[in-house]
Amino acid sequence: MDIIGESNEILSVKNIAIKASNSSSPVFIYGETGVGKELFVQAIHTASSRRNNPFIAQNCAAVPEQLLEGILFGTVKGSFTGSEDRPGLLELADGGTLYLDELNSMPLSLQAKLLRVIQDGVIRRVGDIKEKKVDVRFIASTNLHPEECLKRGLIRKDLYYRLNVISIEIPELKKKKIGYSTSSKTFYRKIQH
């Protein structure tokens, strides 16, 4: 209810987000850069039964490919030079929500490992032989249309269909007057059609 919108499109998206908050199913969000995807993701988590557990967001494009696996899955001391025993974001998000922004920037090999976590709820730190069960609600987003991502081979089809249980498309800001507000920050942008 913290998201305020004036257009029918935003009201429709908000209704889908409310339904998503009442589910533990994965969510896939598409919207251009700057439309407020993370505000919706945070609102879904805050309204969900996981609200008292961790909410962790990771922009997949912001981390070099070689580091992203260790950041997500964690590392074991001695598995590579300078590695330490460190939990990954999947462990830290146990019981809560993990938001993967710009999923289309994640390497396909890592997407295959993420798919296994979604299917089996099991992770293995980089360099470890032990597996650990995790209970994580996944929300992913892209700033490219999903069909374009699939066509260009940026997202594995099997992963996309696993994540796209609940689909949300946030309309472009330039199309309508839109206002978003959350208790922690306010973002108002009005653009005439």
Side-chain angles (χ1 to χ4, degrees), residues 1-5 9-63 68 71-74 87-106 110-111 113-123 132-144 146 149 155 159-171 173 178-189:
M1 302 312 290
D2 289 337
I3 296 175
I4 300 167
E9 290 91 340
I10 287 297
L11 293 176
S12 174
V13 170
K14 186 175 170 180
N15 284 333
I16 296 169
I18 290 169
K19 290 175 184 172
S21 70
N22 293 321
S23 168
S24 282
S25 296
V27 178
F28 194 93
I29 298 178
Y30 159 67
E32 292 183 352
T33 301
V35 296
K37 295 185 291 290
E38 188 163 347
L39 293 176
F40 274 92
V41 174
Q42 288 176 342
I44 290 168
H45 173 77
T46 302
S48 77
S49 61
R50 295 173 180 261
R51 71 181 67 86
N52 296 321
N53 294 318
F55 170 81
I56 297 176
Q58 176 62 53
N59 184 320
C60 298
V63 178
L68 189 56
I71 288 170
L72 289 175
F73 287 86
L89 298 183
L90 288 160
E91 275 184 77
L92 296 174
D94 191 22
T97 303
L98 178 62
Y99 170 46
L100 298 171
D101 189 17
E102 296 194 45
L103 180 71
N104 49 300
S105 297
M106 182 184 287
L110 192 50
Q111 289 184 30
K113 293 178 181 180
L114 182 64
L115 177 64
R116 181 168 182 256
V117 177
I118 295 168
Q119 289 173 332
D120 302 335
V122 172
I123 63 163
K132 180 177 181 179
K133 290 285 277 182
V134 291
D135 172 24
V136 177
R137 201 261 177 100
F138 290 91
I139 303 180
S141 69
T142 62
N143 54 8
L144 291 174
C149 291
I155 297 179
L159 177 62
Y160 172 71
Y161 291 117
R162 279 284 181 174
L163 289 170
N164 195 37
V165 177
I166 300 173
S167 181
I168 299 175
E169 183 172 341
I170 301 175
L173 289 174
I178 298 173
Y180 298 106
S181 172
T182 67
S183 53
S184 61
K185 54 185 164 181
T186 303
F187 159 44
Y188 280 106
R189 182 169 179 185

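Values in this document were obtained by computation on a predicted structure and should not be read as measured data. Just so you know, residue 1 is the first one in the sequence shown, and it goes up from there.
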Is any side-chain heavy atom of [Y] closer than 4.5 Å to one of [X]?
| X | Y | value |
| --- | --- | --- |
| His45 | Tyr99 | no |
| Val27 | Arg137 | yes |
| Phe73 | Val117 | yes |
| Ile118 | Leu163 | yes |
| Val35 | Phe40 | no |
| Gln111 | Leu115 | no |

Point to revise | Tyr160: side-chain hydrogen bond (donor to acceptor under 3.5 Å, both in side chains) partners, not counting sequence neighbours | key: Asn164

Exercise: identify the closest heavy-atom pair between [X] and [Y]:
| X | Y | answer |
| --- | --- | --- |
| Lys37 | Gly31 | NZ-O, 2.9 Å |
| Ala140 | Leu103 | CB-CD2, 4.0 Å |
| Gln58 | Leu68 | CG-CD1, 4.3 Å |
| Leu144 | Thr142 | O-OG1, 2.7 Å |
| Val165 | Pro26 | CB-O, 3.5 Å |
| Ile16 | Ser167 | CG2-O, 3.9 Å |

Study note, to complete from the structure: Only one of Val136, Leu92, Val134 passes side-chain contact (heavy atoms from CB on, under 4.5 Å) with Leu98, and that residue is Val136

**Study point:** salt bridge (charged side-chain N to carboxylate O under 4.0 Å, His left out) partners of residues 40-61, not counting sequence neighbours, each pair once
**Key:** Arg50-Asp135

Practice item. Name all pairs fulfilling the salt bridge (charged side-chain N to carboxylate O under 4.0 Å, His left out) condition that reach into residues 88-105, sequence neighbours left out, sorted by first residue then second. Key: Glu91-Arg125, Glu91-Lys132

What distance separates [X] [atom1] from [Y] [atom2], expressed to the nearest 0.5 Å?
| X | Y | atom1 | atom2 | value |
| --- | --- | --- | --- | --- |
| Ile123 | Leu72 | CD1 | CG | 10.0 Å |
| Arg162 | Ser25 | CZ | OG | 11.0 Å |
| Ile168 | Ile29 | CD1 | CD1 | 4.5 Å |
| Asn143 | Ile170 | CG | CD1 | 12.0 Å |
| Ile44 | Ser23 | CD1 | OG | 10.0 Å |
| Leu90 | Leu114 | CG | CG | 6.5 Å |

**Study point:** Flag, side chain of Lys133 to backbone of Asp120, donor-acceptor distance under 3.5 Å
**Key:** yes

Check your understanding: Within the side chain of Asn59, is there an N or O that forms a donor-acceptor pair under 3.5 Å with the backbone of Ala61?
Key -> yes

Check your understanding: Is the closest side-chain donor-acceptor distance between Tyr30 and Ser141 under 3.5 Å?
Key -> no

